[in-house]
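Chain letters run A, B, ... following the sequence lines, proteins first and then strands; every chain starts at 1. If you're wondering where the values come from, they're calculated on a predicted model, not measured in any experiment.
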2 protein chains.
Amino acid sequence: MQTRKSRRPRVQVEAAPSVLPTERPGQEGGKRDANRKARAAALASASLSLMLQRGVEAVTIDEIVSKAGVAKGSFYRYFRDKEDLVRAIVAPLERPLRESFERCKAALSDARAAESLAAAYGLFAAELAGVIFAHGAVVRLYLQERRAPGEGPRAPIADLARFVDASALELASFACQRGLTRPGDSRVSAAVVVGAAEHLASMALAGDESLRDPSVAMELIVIILDGVRATGSSATSSA
Amino acid sequence: MQTRKSRRPRVQVEAAPSVLPTERPGQEGGKRDANRKARAAALASASLSLMLQRGVEAVTIDEIVSKAGVAKGSFYRYFRDKEDLVRAIVAPLERPLRESFERCKAALSDARAAESLAAAYGLFAAELAGVIFAHGAVVRLYLQERRAPGEGPRAPIADLARFVDASALELASFACQRGLTRPGDSRVSAAVVVGAAEHLASMALAGDESLRDPSVAMELIVIILDGVRATGSSATSSA
DNA sequence: CGAAATCGTGACTGAACAGTCAGAATATCT
DNA sequence: AGATATTCTGACTGTTCAGTCACGATTTCG
């Protein structure tokens with residue numbers, strides 16, 4: 001079997017490469033275990049910096065192993081292919097995102113008025129900012145390739161993007177049903193919020209250091225809340 | 001000279017490929033001219049659909065010429081390489097965008113109050129919607145690869161993205177200076193507006209047909225204006 | 001119509017690439 | 001320490017790809 005690049009192989013039947021380091025030999029404390037973690041981390045880290053510089057598709061396995069200081073054969077002991085590597089790189093984002101979405105929905109469940117909306121969204125934004133800056137490089141990669149087609153090595157990023165969009169839509173629908181936001185098509189408000197937050201994060205991570213200030217996140221919140229808030233509550237936010 | 005893929009060649013000194021169809025022989029009316037246009041269009045169209053499906057980097061010249069029904073040598077008579085092709089594909093977007101930005105700025109120059117802001121932005125949005133739906137496939141490609149690194153075949157898209165960001169920032173600063181929008185960091189409001197509009201456009205173009213309704217654009221405007229409007233003017237938008 | 005140019009073609013080249021594998025190196029266990 | 005299993009290594013293979021070029025087809029122009 002030889003697939004050359006990631007050009008539409010999509011034929012793998014069951015995944016499960018014959019050999020992958022599950023946790024076969026010396027567990028946890030051993031030198032084997034430490035080596036494994038170090039190697040996987042070196043590969044992921046080298047990939048990440050290369051992919052941020054030149055894009056996921058342009059980076060080759062040879063470059064990755066060269067930069068990571070590892071033999072090519074070793075790569076395939078840890079990852080089935082580039083798509084598998086990308087999946088491993090972005091995987092740490094999903095859980096904290098999902099949990100923050102869930103906590104925000106729970107907070108909205110208890111919300112009775114507009115100030116509860118502000119509180120719930122404020123907490124949500126703070127949590128998201130934590131995730132974004134804790135996983136800066138990975139989030140940059142996600143943002144960079146976020147709208148990639150669902151095929152090829154960028155598929156895991158596209159999957160995560162779909163998850164974010166769906167979660168945001170669910171949240172927006174929920175808030176709207178409970179009368180916390182202006183009535184209207186929740187797909188629009190969800191898209192606006194996701195697009196605005198992600199683009200701002202992209203700027204903050206890729207460029208301007210000064211955009212990382214907490215006041216920037218506050219400004220985003222104020223703008224979004226004023227745009228989305230249910231009419232009838234107090235007018236615009238107090239600056 | 002052989003560069004294999006677009007892997008960091010970046011060595012070209014002066015561009016200007018030895019032979020490219022400027023307008024050498026039979027001008028304008030001739031059969032040559034018609035053939036040229038038809039071929040270039042076939043290549044661009046084939047590229048566009050392939051790139052939308054699998055991404056700019058994954059598509060090969062062989063696939064493009066095969067789909068376009070053209071010999072490989074002909075490709076290189078029309079485009080220097082894939083980057084050149086991408087530049088030709090997205091080029092038609094820049095002019096209308098620039099002109100809309102300029103018209104919007106001019107409208108803001110004449111604006112005296114909040115309703116002028118709404119009028120200027122409303123017209124701007126209508127013009128943008130026109131561009132977006134007139135060049136649907138190209139805009140989809142732009143949105144798909146918008147945050148790509150500035151190297152490689154996606155560079156022309158990254159350039160266009162920088163242009164959009166810079167223009168939006170200029171517009172936001174201008175509106176803010178004139179007191180038409182809430183005081184604050186214009187980088188934030190510009191990022192919010194661009195991110196929101198582009199993400200919504202991405203949804204409308206890639207997915208849901210129903211998001212193409214003009215009422216959706218109106219909803220976007222209302223949300224953004226309420227989030228951005230200078231305090232002191234009338235409260236939230238009338239529905 | 002015939003000459004002179006441009007244009008189209010597709011086989012060809014050299015290089016880069018993904019993925020493999022036999023043997024060397026290393027860790028673990030007794 | 002010795003035996004055994006796992007892991008690392010990098011040379012190797014077959015393929016794919018970008019870019020070229022000599023030649024035949026087509027168009028233009030006198």
Side-chain angles (χ1 to χ4, degrees), chain A residues 1-9 11-12 17-40 42-43 47 50 54 57-66 68-85 152-153, chain B residues 1-9 11-12 17-40 42-43 47 50 54 57-66 68-85 152-153:
Chain A
M1 202 258 266
Q2 198 102 298
T3 39
R4 166 66 179 151
K5 232 181 168 192
S6 47
R7 300 188 16 65
R8 261 186 301 190
V11 263
Q12 282 144 10
S18 48
V19 190
L20 263 185
T22 45
E23 74 298 322
R24 315 281 206 80
Q27 255 87 334
E28 195 54 26
K31 206 178 255 184
R32 283 249 150 96
D33 187 60
N35 268 346
R36 266 195 292 269
K37 279 176 179 143
R39 263 155 201 283
L43 286 169
S47 306
L50 287 169
R54 312 224 320 282
E57 308 256 10
V59 174
T60 69
I61 309 293
D62 283 288
E63 284 175 308
I64 293 170
V65 297
S66 166
V70 159
K72 192 170 188 180
S74 296
F75 178 91
Y76 291 96
R77 183 170 299 278
Y78 289 95
F79 305 102
R80 195 182 321 125
D81 52 22
K82 199 156 65 173
E83 177 174 334
D84 195 39
L85 167 67
Chain B
M1 202 258 266
Q2 197 100 296
T3 40
R4 164 68 179 149
K5 234 183 164 187
S6 47
R7 300 184 24 58
R8 261 186 300 186
V11 264
Q12 282 144 12
S18 48
V19 190
L20 263 186
T22 45
E23 74 297 324
R24 313 282 204 79
Q27 254 87 329
E28 194 56 25
K31 206 178 258 182
R32 284 252 149 95
D33 187 59
N35 267 346
R36 266 197 291 270
K37 278 175 179 144
R39 262 154 203 285
L43 286 168
S47 306
L50 287 168
R54 313 224 319 283
E57 308 255 12
V59 174
T60 69
I61 310 293
D62 283 291
E63 284 175 308
I64 293 170
V65 297
S66 165
V70 160
K72 192 169 187 180
S74 297
F75 177 92
Y76 291 96
R77 184 172 298 279
Y78 289 95
F79 306 102
R80 195 183 320 125
D81 53 22
K82 199 156 64 174
E83 178 175 335
D84 195 39
L85 167 67

Does [X] put a side-chain nitrogen or oxygen below 4.0 Å from OP1 or OP2 of [N]?
X: Arg39(A); N: dC8(D); result: yes
X: Tyr76(B); N: dT9(C); result: no
X: Tyr78(A); N: dT7(D); result: no
X: Arg36(A); N: dT7(D); result: yes

May I have the distance from [X] (atom [atom1]) to [N] (atom [atom2]), rounded to whole angstrom?
X: Arg77(A); N: dA25(C); atom1: CZ; atom2: P; value: 16 Å
X: Arg32(B); N: dT27(D); atom1: CZ; atom2: P; value: 7 Å
X: Glu83(A); N: dG19(C); atom1: CD; atom2: P; value: 11 Å
X: Lys31(A); N: dT28(C); atom1: NZ; atom2: P; value: 7 Å

Derivation of the side chain to side chain contact (heavy atoms under 4.5 Å, CB included) call for Arg54(B) and Glu63(B): CA-CA 12 Å; Arg54(B) 313 224 319 283; Glu63(B) 284 175 308; 3.0 Å; yes

Asn35(B): side chain to side chain donor-acceptor pair (under 3.5 Å) partners, not counting sequence neighbours: none

All side-chain contact (heavy atoms from CB on, under 4.5 Å) counterparts of Ala42(B), not counting sequence neighbours: Ala68(B)

Each stem that DNA chain C is part of, given as range with range (3 or more consecutive Watson-Crick or G-U pairs, under 3.5 Å): C:1-30 with D:1-30

Contact nearer the 5' end of DNA chain C, comparing Ser74(A) with Ile61(A): Ile61(A)

